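Everything below concerns the one structure shown next.
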Amino acid sequence: MTANKLKNTLLYALLFMFIVACDDTVTYSEMKEKEIEAINEYIKEKNIDIITFQQFIAQDSVTVVDEKSGRNEYVEIDGVYMQIVNNPKGADDARKIEEGDTRNIFACYTEYNIQDADTISSNKYYSAHDEMRVTNNSGSYSATFTSGMMKELYSSSYVPTGWLVPFSYLWFTRSQSQHTKVNLIVPHTKGTSNATTYVYPCFYEIRFYPETLYDYNEE
């Protein structure tokens, strides 16, 4: 190899090393790893006990939440961690969304970015809550936002599929004291368009109502 060729080879090698050193691009695989780490850390921080789906069904589709005993159960379904905090199945007027039914459901929610430890949005202190049109298609649920903050924030009627996971197990009533409440840890694949694009998980606290006749901010 001549001196010039050796010189050029060294220059190309240095140029390549410089380009690699300056490449701060994070791969999708790395972003997913970071997301998983954030979810696991959140579960640990909140002392969440992940129960099996079989245990969840054996408990009559109940996740135990008891501050005195410290039980804080979630169940993982299709990658979504779900906790049913309140499910008024015993109320006189309680009903599920039956197969073939389409119902208007109102949601009072808080959306929290687990990875950035930041609240993205909440309609908890607004008088008008997000309205969803929910349909049960042979046990598979679909929905669209017809109004509300989520629709305005993301400029879309798309309801995150993570929000729909609980509907197979939920009952609804007009009673203010018997509202339906769930907590969800939703990975980017089941989240909003932004979560999907930027790969981050969210925690959602959601109360569902079939009517807007009550003061939803009252605990």
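Keep in mind it's a predicted model, so treat the numbers as computed, not measured.
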Hey, quick one: are Phe167 and Met150 part of the same hydrophobic cluster, counting side-chain heavy atoms closer than 4.5 Å, chains of contacts allowed?
->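 Per the 4.5 Å side-chain linkage, Phe167 and Met150 are co-clustered.
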Does the side chain to side chain donor-acceptor pair (under 3.5 Å) test come out yes or no for Gln83 and Asn72, once each step is laid out?
-> CA-CA 8 Å; Gln83 180 180 69; Asn72 186 25; 2.7 Å; yes
Apply side chain to side chain contact (heavy atoms under 4.5 Å, CB included) to Asn113 and list each qualifying residue two or more places apart in sequence or on a separate chain.
->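 Partners of Asn113 under the side chain to side chain contact (heavy atoms under 4.5 Å, CB included) test: Gln115, Asp116, Ile120, Tyr200.
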Kindly write out the residues that satisfy side chain to side chain contact (heavy atoms under 4.5 Å, CB included) with Thr27, not counting sequence neighbours, or none if the list is empty.
->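 Checked Thr27 against side chain to side chain contact (heavy atoms under 4.5 Å, CB included); matches are Ser29, Glu30.
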Ring pair (Phe, Tyr, Trp, His ring centres under 6.0 Å) partners for Tyr81, two or more places apart = none
Using ring pair (Phe, Tyr, Trp, His ring centres under 6.0 Å) as the criterion, list what pairs up with Tyr204, not counting sequence neighbours.
->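 For Tyr204 the ring pair (Phe, Tyr, Trp, His ring centres under 6.0 Å) partners, ignoring immediate neighbours, are Trp163.
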From [X] [atom1] over to [Y] [atom2], what is the distance, rounded to the nearest 0.5 angstrom?
{"X": "Leu184", "Y": "Tyr112", "atom1": "CG", "atom2": "OH", "result": "16.0 Å"}
{"X": "Glu73", "Y": "Ile51", "atom1": "CD", "atom2": "CD1", "result": "4.5 Å"}
{"X": "Ile185", "Y": "Glu76", "atom1": "CD1", "atom2": "CD", "result": "10.0 Å"}
{"X": "Glu33", "Y": "Tyr28", "atom1": "CD", "atom2": "OH", "result": "12.0 Å"}
{"X": "Leu153", "Y": "Asn194", "atom1": "CG", "atom2": "CG", "result": "7.0 Å"}
{"X": "Asn123", "Y": "Asp130", "atom1": "CG", "atom2": "CG", "result": "4.5 Å"}

Start with the C-alpha gap between Tyr198 and Met31, add the side-chain angles, then the distance that decides, and say whether side-chain contact (heavy atoms from CB on, under 4.5 Å) holds.
-> CA-CA 8 Å; Tyr198 298 106; Met31 289 191 286; over 6 Å; no
Starting from the C-alpha separation in whole Å, work towards a yes-or-no answer on side-chain contact (heavy atoms from CB on, under 4.5 Å) for Thr52 and Val75.
-> CA-CA 6 Å; Thr52 65; Val75 59; over 6 Å; no
Intermediate values then yes/no, side-chain contact (heavy atoms from CB on, under 4.5 Å), Val182 and Phe208 = CA-CA 8 Å; Val182 300; Phe208 291 114; 3.9 Å; yes
Look at Lys96 together with Asp101 and state whether they make a salt bridge at an N to O cut-off of under 4.0 Å.
-> no
[Y] backbone acceptor or donor facing [X] side chain under 3.5 Å:
{"X": "Asn136", "Y": "Gly100", "result": "no"}
{"X": "Thr180", "Y": "Trp171", "result": "yes"}
{"X": "Asn87", "Y": "Lys89", "result": "no"}
{"X": "Thr63", "Y": "Ile84", "result": "yes"}
{"X": "Thr197", "Y": "Ser193", "result": "yes"}

Would you indicate whether the side-chain heavy atoms of [Y] and [X] approach each other to under 4.5 Å?
{"X": "Phe56", "Y": "Val62", "result": "no"}
{"X": "Arg133", "Y": "Thr102", "result": "yes"}
{"X": "Thr192", "Y": "Thr196", "result": "no"}
{"X": "Pro187", "Y": "Val80", "result": "yes"}

Is there any side-chain hydrogen bond (donor to acceptor under 3.5 Å, both in side chains) pair reaching into residues 35-49, and which pairs are they, with sequence neighbours excluded?
->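 Non-adjacent pairs meeting side-chain hydrogen bond (donor to acceptor under 3.5 Å, both in side chains): Glu35-His188.
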Taking only residues at least two apart or on different chains, which pairs with a member in residues 148-161 satisfy side-chain hydrogen bond (donor to acceptor under 3.5 Å, both in side chains)?
->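 Sorted result for residues 148-161: Glu111-Tyr154.
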For the residue pair Cys202 and Ile114, what are the closest heavy atoms and their distance?
-> C-CD1, 3.8 Å
Quick one: do the Tyr109 and Ser121 side chains pair a donor with an acceptor below 3.5 Å?
-> yes
Without hydrogens or angle criteria, can the side chains of Asn137 and Ser142 be said to hold a donor-acceptor pair below 3.5 Å?
-> yes
Using the ring of each side chain (for Trp, its six-membered ring), is Tyr209 parallel, tilted or perpendicular to His179, with breaks at 30° and 60°?
->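 If you compare the ring of Tyr209 with that of His179, the planes turn out tilted.
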Audit row: Phe203, Val186, side-chain contact (heavy atoms from CB on, under 4.5 Å) steps and yes/no | CA-CA 6 Å; Phe203 169 80; Val186 179; over 6 Å; no
